[in-house]
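Presented below is the structure to which this report refers.
The chains referred to below are lettered A, B, ... by the order of the sequence lines, with proteins before strands, and numbering in each begins at 1.
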There are 2 protein chains.
Amino acid sequence: MPKDNFSTERRATITDVAREAGTGKTSISRYLNGETGVLSTDLRERIEEAIAKLDYRPNQMARGLKRGRNRLIGMLLADLTNPYSVEVLQGVEAACHAFGYMPLICHAANEVDLERRYLQLLSTYRVEGVIVNALGVKEETLETLASGGVPVVLVDRSIDGLVTDMVGLDNTAAVAAAIRHLDEQGFDELVFVVQPFTHVSSRRVRETAFRDTIGALGVSGATVVLDLDDDKLAAEALAGIDTRIGENRQRNRRIALFAANAPVALRVALHMKERHGAAWQRHVALMCIDDSEWAELAGMTTVRQPTYTIGERAVEFLHERIEGAVMAPRECLLPGELVVRTSTLAGNI
Amino acid sequence: MPKDNFSTERRATITDVAREAGTGKTSISRYLNGETGVLSTDLRERIEEAIAKLDYRPNQMARGLKRGRNRLIGMLLADLTNPYSVEVLQGVEAACHAFGYMPLICHAANEVDLERRYLQLLSTYRVEGVIVNALGVKEETLETLASGGVPVVLVDRSIDGLVTDMVGLDNTAAVAAAIRHLDEQGFDELVFVVQPFTHVSSRRVRETAFRDTIGALGVSGATVVLDLDDDKLAAEALAGIDTRIGENRQRNRRIALFAANAPVALRVALHMKERHGAAWQRHVALMCIDDSEWAELAGMTTVRQPTYTIGERAVEFLHERIEGAVMAPRECLLPGELVVRTSTLAGNI
DNA sequence: CTGTTAGCGCATTCAG
DNA sequence: CTGAATGCGCTAACAG
């Protein structure tokens, strides 16, 4: 407990400190801003004492008001439930610290309305920039921010009609690598399982890459859309997968399921377990993009995204823009890493 | 895009709006604060027009500076990697919205230093209250906040020497229920696996409850400390568990592992898988507190915490304090729910 | 019903 | 080297 902190209610202000130190506010301000060497040793000591005694902390709000910059940046996340988001977040946080920013984290919980509300809120807090990983915000919503001089960098997905910096996985390469692996392991038929993808660029790119790659490789396969938010549709999709598996079995063809991300993979896995029991992995091969914590436990092959780096890079881009860099929008596509586990190994199925 | 938003750089201020609407700032302020009915229809319309035209957004910072309250509350999380945290967070967010707060989320990534830094940062941003789920912050650190008039509510764990509102799981009851279940299923020996628990109250309580309950029930058992941050120590602990399993096997006694939380359970599960192969669950029964997403996939029995409610309740408590409620510190212990899955069923092992 | 005035806590000229 | 004065955007008295 700070000595005799009698001022139990109001926090000390710069004025209090100045009075306590027997000087003017300016000197305190100078001290705070590290304009050291410009202050006599004597004065500096008095200031330090006063600050300690009063347990003074400069008010960032007031500071921001004056300077016009509050070191706040917004981070809009579509879904913290997805480990991907948390991992990216860690990179963002680390980088923020390095640059002296404070991230204002907004979790939209997959609700488009919330996304819009948060974006507005962020703008009222005058964040200096925004990192967006959103589900459905429209170009216009972000555009008003951007045209207000607030830099925006997109993570994982781009947004139609909006040209800004963006950083994410090199989906095309990742999908191709995955399929090549599956092909090498001798699977005859691939099923790509993905959430409704028309409005989410990364899903769209993955799906396209899937079709392109199997086409190029001459592997047979199809896309199945799995809507995790609609039980009825989901059930149908899963049933469809079951039939497909059955057919291929009969014809003695080896089939592999390729989930577009971890949530999809989990849903599929749960279904397969329900259908085939605890040993479901002996019946069907499953792999996915995103290396979630249970992947190792399930022995599931995945493509690991460089999530941490993605977060860092996003902040770097943002920082440059905040500092006034003016250049054409950049797109940073980082490579994924194929993590082969038993689920897709030739001998296993 | 807002009409002729020429002011591409500076955001419009209340003064701009006043000028545009041909009135004074006060009226604008009144309009913003919903003091409607106090404004003539004509004036109100002009204000609305001006606001729309200028795409004006009140500056929360300035607002907070004046009012002395910025509607910001801090949320300090020890570890977002733990699904528990994310779930609590969702409750917090929902409640914040209901009350009109904006949560400033700080993720300490299990680093005590970061926790302290964040707490300081929060105080410089003049948050109106703080919700803390921390690993190692000391009583003093929080005390300076609390004595500065900033309400604090603790989540999941209490802190020695600090008396504040706290909300979490009823650990004692949860552990007892779990052990009763294990006992009913005929396990002869229980091993409680927990991270170093001396400094984390919830772990301590769980461990005590474990010993008390097996004592009362006359079940044999022991506690094993598993330090997830120290590979060497962890390996030893896991080896210890292995021996224990071996011994009990020889004597034909049925043994069950009870992990104190999800991260511990995952670590144990991975080890068992490595040791006994994919069918490890046929060799050893494992259950834990925290119902993570992979628990269902692994068919693992758990105690599900009312995470969402915990988050909500925390905000409610905080809100009351912020509104000035003065009363003795409260402790809100919510009941867990035993989720029985195959991992601990009598016939399974 | 409406506008004027005076700060909130701080950083920044500009004079000593 | 130091301090007094000014204003950031906004709200809250206080007058009209």
Side-chain angles (χ1 to χ4, degrees), chain A residues 7 9-48 50-51 54-72 123-128 148-149, chain B residues 7 9-48 50-51 54-72 123-128 148-149:
Chain A
S7 68
E9 261 315 319
R10 208 174 49 78
R11 289 229 65 127
T13 79
I14 200 173
T15 313
D16 300 328
V17 179
R19 192 174 345 99
E20 178 71 31
T23 176
K25 309 194 285 183
T26 314
S27 299
I28 313 296
S29 176
R30 288 205 176 102
Y31 175 84
L32 293 177
N33 292 290
E35 294 181 35
T36 162
V38 196
L39 300 176
S40 67
T41 334
D42 171 54
L43 183 51
R44 186 163 59 218
E45 278 169 4
R46 271 153 51 211
I47 294 182
E48 274 163 2
I51 288 186
L54 267 39
D55 186 32
Y56 169 70
R57 302 273 175 54
N59 183 330
Q60 281 297 340
M61 299 308 181
R63 209 177 246 224
L65 191 57
K66 193 77 201 62
R67 288 192 159 138
R69 51 199 314 223
N70 54 198
R71 309 277 72 187
L72 243 32
S123 109
T124 75
Y125 278 104
R126 295 295 186 274
V127 292
E128 298 183 37
Chain B
S7 69
E9 261 316 317
R10 211 175 46 78
R11 288 229 66 124
T13 81
I14 200 173
T15 313
D16 299 329
V17 180
R19 192 175 345 98
E20 179 71 33
T23 176
K25 309 194 286 182
T26 313
S27 298
I28 313 297
S29 176
R30 289 204 175 101
Y31 174 85
L32 292 177
N33 292 292
E35 292 181 36
T36 161
V38 197
L39 299 176
S40 69
T41 336
D42 170 52
L43 183 51
R44 187 163 58 220
E45 277 169 3
R46 269 154 50 212
I47 294 182
E48 274 162 3
I51 288 186
L54 267 39
D55 186 32
Y56 169 69
R57 301 275 173 54
N59 183 330
Q60 281 296 345
M61 298 307 180
R63 211 183 254 221
L65 192 56
K66 188 79 202 103
R67 288 193 160 135
R69 48 194 323 223
N70 52 198
R71 309 277 74 187
L72 243 33
S123 110
T124 75
Y125 278 105
R126 295 295 186 273
V127 292
E128 296 184 38

Not counting sequence neighbours, which residues clear salt bridge (Lys or Arg N to Asp or Glu O under 4.0 Å) with [X]? List them please.
X: A:R63; value: none
X: A:E48; value: none
X: B:R19; value: B:D16
X: B:R126; value: none

So A:L43, base contact, sugar-phosphate only, or nothing? Heavy-atom distance under 4.0 Å.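 A:L43: backbone/sugar contact only, no base atoms under 4.0 Å.
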Looking at every strand, decide which applies to B:L39 at a 4.0 Å heavy-atom threshold: base, sugar-phosphate, or nothing.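 If one applies the 4.0 Å heavy-atom cut-off, B:L39 turns out to touch the sugar-phosphate alone, with no base involved.
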Among residues at least two apart in sequence or on other chains, which ones pass side-chain contact (heavy atoms from CB on, under 4.5 Å) with A:E20?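 A:E20 satisfies side-chain contact (heavy atoms from CB on, under 4.5 Å) with A:A50, A:K53, A:L54 only.
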A:I28: side-chain contact (heavy atoms from CB on, under 4.5 Å) partners, not counting sequence neighbours: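 Counting only residues at least two positions away or on another chain, A:I28 forms a side-chain contact (heavy atoms from CB on, under 4.5 Å) with A:I14, A:V17, A:A18, A:T23, A:L32, A:I47.
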Length of the line joining [X]:[atom1] and [N]:[atom2], which is rounded to integer Å:
X: A:Y31; N: D:dT2; atom1: OH; atom2: P; value: 14 Å
X: A:Y125; N: D:dC10; atom1: OH; atom2: P; value: 14 Å
X: A:I51; N: C:dC10; atom1: CD1; atom2: P; value: 10 Å
X: B:R11; N: D:dC8; atom1: CZ; atom2: C1'; value: 16 Å
X: B:Q60; N: D:dC8; atom1: CD; atom2: C1'; value: 16 Å
X: A:L32; N: C:dA11; atom1: CG; atom2: P; value: 6 Å
X: B:R57; N: D:dC10; atom1: CZ; atom2: P; value: 13 Å
X: A:R69; N: D:dG9; atom1: CZ; atom2: C1'; value: 19 Å

Please identify each residue that fulfils side-chain hydrogen bond (donor to acceptor under 3.5 Å, both in side chains) with [X], with sequence neighbours left out.
X: A:R71; result: A:E128
X: A:N70; result: none
X: A:R30; result: none

Pairs under 3.5 angstrom, nitrogen or oxygen only, protein versus nucleotides 12-15 of chain C, please.
unit_1: C:dT12; atom_1: O4; unit_2: A:T26; atom_2: OG1; d: 3.2

Can you sort out which residues in residues 13-21 of chain A have a heavy atom within less than 4.0 Å of DNA chain C? Ascending by number, please.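 Residues of residues 13-21 of chain A under 4.0 Å from DNA chain C: A:T13, A:I14.
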Please give the angle, rounded to 10 degrees, between the axes at the start and the end of the helix from C:dC1-D:dG16 to C:dG16-D:dC1, where five pairs define each axis.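 Result, rounded to 10 degrees: 40°.
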B:L65 side chain, from C-beta outward: closest of D:dC10, C:dT2, C:dG9: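 The closest nucleotide is C:dG9.
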Output the distance between atom OG1 (A:T124) and atom CD (B:Q60), rounded to the nearest 0.5 Å.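 So the OG1 of A:T124 and the CD of B:Q60 are separated by 4.0 Å.
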Rounded to the nearest 0.5 Å, what separation is found between the OG1 atom of B:T13 and the OH atom of B:Y56?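 Reported to 0.5 Å precision, the distance equals 7.0 Å.
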Does D:dC10 have OP1 or OP2 sitting under 4.0 Å from an N or O in the side chain of B:Y56?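 True: B:Y56 side-chain N/O within range (under 4.0 Å) of D:dC10 OP1/OP2.
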Would you indicate, yes or no, if D:dG3 has its OP1 or OP2 atom less than 4.0 angstrom from a side-chain nitrogen or oxygen of A:S27?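 Yes, within the criterion.
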